[in-house]
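Since the structure is predicted, the reported quantities are computational estimates derived from the model, not experimental observations.
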Amino acid sequence: QVQLVESGGGLVQAGGSLRLSCVASGRTFSRSDMGWFRQAPGKEREFVAVINWSGSSTVYTDSVKGRFTISRDNAKNAVYLRMDPLKPEDTAVYYCAARGTFASGSLYTRAERYDYWGQGTQVTVSS
């Protein structure tokens, strides 16, 4: 059974930082792209960042560019999201996602392109 388990969320003041982790089990994703999405209350799930299988290429949504950094450790079957500095509008449940196929060279930002999802971790940023 494939599982993605996120951790590292919490409550932080604006200007603070958090590092989210996502560890996969049940299969390796070392040749697959992985990403982070988020969903705020009353809003649709939105793309945050994606990293290709080797870690050499990344894409970010405009609102987090320069503040968030996605990275991965294929030896640990893990992907990370460093968020600094955080803003109140970053408050959301953050989800880790992985594609089920080998990397194609294109990095996808649409949720339907991802086959595996974690349960989510809450990030709350107070003003």
Query raised in the report: Within 45° of the ring axis of Y95 and under 6.0 Å from its six-membered ring centre, is that where the NZ or CZ of R45 lies?
Result: yes

- Cation-pi geometry met for R99 and Y116 (6.0 Å, 45°): no

Quick one: closest heavy-atom pair of [X] and [Y], and the distance?
X   : Y    : value
D33 : Y114 : O-CE2, 4.3 Å
F47 : T109 : CB-O, 3.2 Å
V79 : I51  : CG2-CG2, 4.0 Å

Gap separating the [atom1] atom of [X] from the [atom2] atom of [Y], nearest 0.5 angstrom:
X   : Y   : atom1 : atom2 : value
L86 : F68 : CG    : CZ    : 5.0 Å
F29 : N74 : CZ    : CG    : 11.5 Å
S30 : D73 : OG    : CG    : 11.0 Å

request  = Indicate yes or no: does D90 engage R67 in a salt bridge with an N to O separation below 4.0 Å.
outcome  = yes

### Query
Does Q13 use its side chain to pair, donor to acceptor, with the backbone of S126 at less than 3.5 Å?
no

Discussion item. So does D84 get a backbone contact from the side chain of S17, meaning a donor-acceptor N/O pair under 3.5 Å?
Written reply: no

Margin query: Please check if the number of heavy atoms outside E89 that lie under 6.0 Å from its CD is greater than 12.
Written below: yes

N52 vs L107 side-chain heavy atoms within contact, under 4.5 Å: yes

Practice problem: Begin with the C-alpha distance, continue with both residues' side-chain angles, and end with the deciding distance and a verdict on side chain to side chain contact (heavy atoms under 4.5 Å, CB included) for M34 and W53. | Solution: CA-CA 7 Å; M34 299 185 74; W53 68 276; over 6 Å; no

